[in-house]
Amino acid sequence: MTSLHSTKKIVIFASGTGSNAKKIMQYFSERSDITVVYVLSNNSGASVLDAASEMNVPSDSFTRQDLYESDRILGLLKKIGPDLLVLAGFLWKIPAEIIAAFPNKIVNIHPALLPKYGGKGMYGHHVHRAVLANKEKQSGITIHYVNEQYDEGQTIAQFKTGVSVADNIDSLVQKIKKLEHKHFAKVIDNLLSEQ
Ligand code: GRF
């Protein structure tokens with residue numbers, strides 16, 4: 001039996017809907033070896049906070065000042081001692097002090113095949129619009145470590161989907177979300193199980 005002591009802890013950062021965060025919480029909800037211990041959002045009205053409370057996962061929101069000009073979030077994280085920080089649709093940049101405090105322990109999911117369609121401003125519909133405008137034949141998702149540059153940390157896994165001329169932003173969003181919901185939690189599971 002796994003003791004509570006050896007439970008690996010995940011903290012999720014999310015800015016909005018949190019459909020990925022919800023999938024991850026559901027995936028690990030019956031597990032005793034890996035637990036989502038906290039959900040943090042920069043948006044106090046984000047649906048992800050409702051999802052966390054439905055799943056009985058503690059959650060909180062924070063301001064820019066909390067993140068960038070105080071050690072409130074860093075202090076909280078140090079107290080929790082997470083094995084992995086998961087950015088699931090988190091739109092702000094993680095400050096250097098947090099990256100330094102959790103080396104190789106922060107992962108992000110990006111809705112395209114990096115290194116294409118990444119970097120500042122490349123999020124949400126902006127990514128899919130650019131993919132469609134360039135008439136790409138495929139797109140997908142990239143799960144990667146977070147470093148100090150947007151979307152440039154080492155790739156952990158990529159999964160692809162076809163893009164056809166019939167696709168529009170909405171249909172591409174659906175395809176990408178399907179991939180994200182299918183793979184993100186499993187990749188996290190593998191990462192933590194390998195540690
Ligand atoms: C996902 O498409 C993810 O790739 C991107 O932000 C989106 C978040 O969606 N980083 P949701 O809030 O998990 O539904």
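All ligand and atom numbering here is 1-based and tracks the order in the structure. Note that the numbering runs from 1 along the sequence shown for the chain.
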Interfacing atoms of ligand 1 (cut-off 4.0 Å, heavy-atom, Glu180):
1 (C), 2 (O), 3 (C), 4 (O)
Compare every heavy atom of Gly118 with every heavy atom of Leu114, then report the nearest pair and how far apart it is.
CD2-CA, 3.4 Å
Please list the nearest protein heavy atom to atom 10 (N) of ligand 1 with its residue and the distance rounded to 0.1 Å.
Ile109 O, 2.9 Å
The protein heavy atom nearest to atom 7 (C) of ligand 1 is Gly89 CA, 4.1 Å
Check: Asn43/Ser15 side-chain N/O donor and acceptor closer than 3.5 Å:
no
Does the side chain of Leu85 reach to within under 4.5 Å of the side chain of Ile10, using non-hydrogen atoms?
no
For atom 12 (O) of ligand 1, which candidate among Gly16, Gly124, Gly18 holds the nearest heavy atom?
Gly18
Under a 4.0 angstrom heavy-atom cut-off, which atoms of ligand 1 come close to Ser19?
11 (P), 12 (O), 13 (O), 14 (O)
Check this for me: does any side-chain nitrogen of one of Glu136 and Lys116 sit under 4.0 Å from a carboxylate oxygen of the other?
yes
Salt-bridge criterion met for Asp170 and Lys175 (N-O under 4.0 Å):
no
Any nitrogen or oxygen of Ala21, main chain or side chain, under 3.5 Å from a nitrogen or oxygen of ligand 1?
no
Side-chain donor/acceptor of Tyr68 to backbone N/O of Lys93, under 3.5 Å:
yes
Heavy-atom contacts with Lys177 under 4.0 Å: which atoms of ligand 1 show up? List them by number with element.
2 (O), 9 (O), 11 (P), 14 (O)
